[in-house]
Amino acid sequence: MKREEAILLLANHFSWWDGFFMFQLNKRLFKRQFHVLVTEEDYRKHWFLKYLGAFAPGPAGKDVVETLLYAGGLLDDPLNLVLVFPQGKLYSSYVGKIAFEKGLLQLINASGKKFQIIFSATLSDYFDRKKPRANSYLSNWQAEEYVSLQLLKSEYNKHYEQALKTQAKITA
């Protein structure tokens, strides 16, 4: 990791807990100021998320653009980490491909593009335990100067596919 660059952390959104997992991962590994983009509904419903670095757009469409500009600006400070769930909503952690909402590219373009992109795929299994075990597979992706949403999605899905294969090899 480059200490002189902020982090854009892209993660699969499979559970209510995955944001907390990434918060804890940041505390232990990245050690940056944590920010996470959440939906306006979740932000209203779970008001305490603001104390964990959450921010959300308002209900109007214009607010979404302003929020993406704000998030892009956060990436210009090397002390920041911005967590984004590109799927936008919850899906099983074992879907075949991770879908990407188009706002992610607006966020990237709103920044000075001096940040690093970290892919995270978190998968959980119970095996013979009462509580599940979650594994977060990480990789630092070196972006090209001009990033398209399709390229980013493709590269993330390669990472995700590898994480699924690695997870499948784990036994109790």
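The structure presented is a predicted model; accordingly, all values stated were derived computationally and were not measured. The analysis underlying the following values was restricted to heavy atoms, covering all of them including side chains, and did not include hydrogens, waters or symmetry mates.
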Mind checking the OG1-CG spacing from T39 to L90? Nearest 0.5 Å is all I need. 9.0 Å
If you count the non-hydrogen atoms of other residues, nucleotides and ligands that lie under 6.0 Å from CZ in R28, is the total more than 12? no
All heavy atoms of S124 vs all of P132, minimum pair found to be CB-CB, 4.4 Å
Look at atom NZ of K114 and say whether more than 12 heavy atoms of other residues, nucleotides or ligands are closer to it than 6.0 Å. no
Between the main-chain N or O of Y137 and the side-chain N or O of H159, is there a donor-acceptor pair closer than 3.5 Å? yes
Minimum heavy-atom separation for S92 to Y160, with atom names? O-OH, 4.3 Å
One pair to check against side-chain contact (heavy atoms from CB on, under 4.5 Å): K102 and L149. What are the steps and the verdict? CA-CA 7 Å; K102 56 187 166 200; L149 187 62; 4.1 Å; yes
Does F85 share a hydrophobic cluster with V64, counting links as ILVMFWY side-chain heavy atoms below 4.5 Å and allowing steps through other members? no
Would you say the side-chain atoms of Q167 pair up with the backbone N or O of N135, donor to acceptor, closer than 3.5 Å? no
All heavy atoms of L105 vs all of S148, minimum pair found to be CD1-C, 4.3 Å
Hey, does the side chain of N157 reach the backbone of K97 with a donor-acceptor pair shorter than 3.5 angstrom? no
Within 6.0 Å of CD in E41, more than 12 heavy atoms from elsewhere: no
Look up atom CG in L68 and atom CG in L104, then write down how far apart they are to the nearest 0.5 Å. 8.5 Å
Whether the N12 and Q87 side chains hold a donor-acceptor pair (N or O, under 3.5 Å, no angle test) is what I'd like checked. no
Using the rule that two of Ile, Leu, Val, Met, Phe, Trp, Tyr join whenever any of their side-chain heavy atoms come within less than 4.5 Å, decide whether L9 and I108 are in one cluster. no
According to a 4.5 Å side-chain heavy-atom criterion applied to Ile, Leu, Val, Met, Phe, Trp and Tyr, with indirect links allowed, do L83 and V38 form part of one hydrophobic cluster? yes
State, yes or no, whether a side-chain contact exists between W141 and L8 at a heavy-atom distance under 4.5 Å. no
Treat each ILVMFWY residue as a node, draw an edge where side-chain heavy atoms are under 4.5 Å apart, and state whether L75 and F30 are in one component. no
Give a yes or no answer on whether the side chain of T166 reaches the backbone of Q162 with a donor-acceptor pair at less than 3.5 Å. yes
Here the gap from R3 atom CZ to K31 atom NZ, rounded to the nearest 0.5 Å, amounts to 8.0 Å
Taking P78's backbone N and O only, do any of them form a donor-acceptor pair with R32's side chain (distance below 3.5 Å, no angle check)? yes
Just wondering, are more than 12 heavy atoms of other shown residues or ligands nearer than 6.0 Å to CZ in F48? yes
L152 side chain near F100 side chain, heavy-atom distance below 4.5 Å: yes
Compile the donor-acceptor pairs under 3.5 Å between side chains in residues 16-24 and protein atoms, sequence neighbours left out, one pair per line.
from	atom 1	to	atom 2	distance (Å)
D18	OD1	H13	ND1	3.2
D18	OD2	H13	ND1	2.9
D18	OD2	F14	N	2.8
D18	OD2	S15	N	3.3

Indicate yes or no: at least one non-hydrogen side-chain atom of L37 is less than 4.5 angstrom from one of V82. no
Distance-only, no hydrogens or angles: does the Y156 side chain make a donor-acceptor pair with backbone N or O of S120 under 3.5 Å? yes
Please assess E161 against K158 for the test salt bridge (charged side-chain N to carboxylate O under 4.0 Å, His left out), listing each intermediate value before the final yes or no. CA-CA 5 Å; E161 194 175 303; K158 287 177 189 174; over 6 Å; no
Side-chain heavy-atom pair L25, L138 within 4.5 angstrom cut-off: yes
Give me the atom names and distance for the closest heavy-atom approach of K2 to Q142. NZ-OE1, 3.9 Å
Is it true that a side-chain atom of D76 and a backbone atom of S111 form a donor plus acceptor pair closer than 3.5 Å? no
Test side-chain contact (heavy atoms from CB on, under 4.5 Å) on F119 and N140 and set out the steps. CA-CA 6 Å; F119 294 152; N140 190 341; over 6 Å; no
Straight-line distance of K50 NZ to Y43 OH, nearest 0.5 Å: 5.5 Å
Note, L10 side chain near I117 side chain (heavy atom, < 4.5 Å): yes
Please check: side-chain N/O of Q106 versus main-chain N/O of V65, any donor-acceptor pairing under 3.5 Å? no
Quick check: do L49 and W47 have side-chain heavy atoms less than 4.5 Å from each other? no
Say you draw a straight line from CZ of F115 to CG of N80; how long is it, rounded to the nearest 0.5 Å? 12.5 Å
Rounded distance [0.5 Å steps], CD in Q33 versus CG in L79: 8.5 Å
Cluster check L81, L52: I/L/V/M/F/W/Y, side chain < 4.5 angstrom: yes
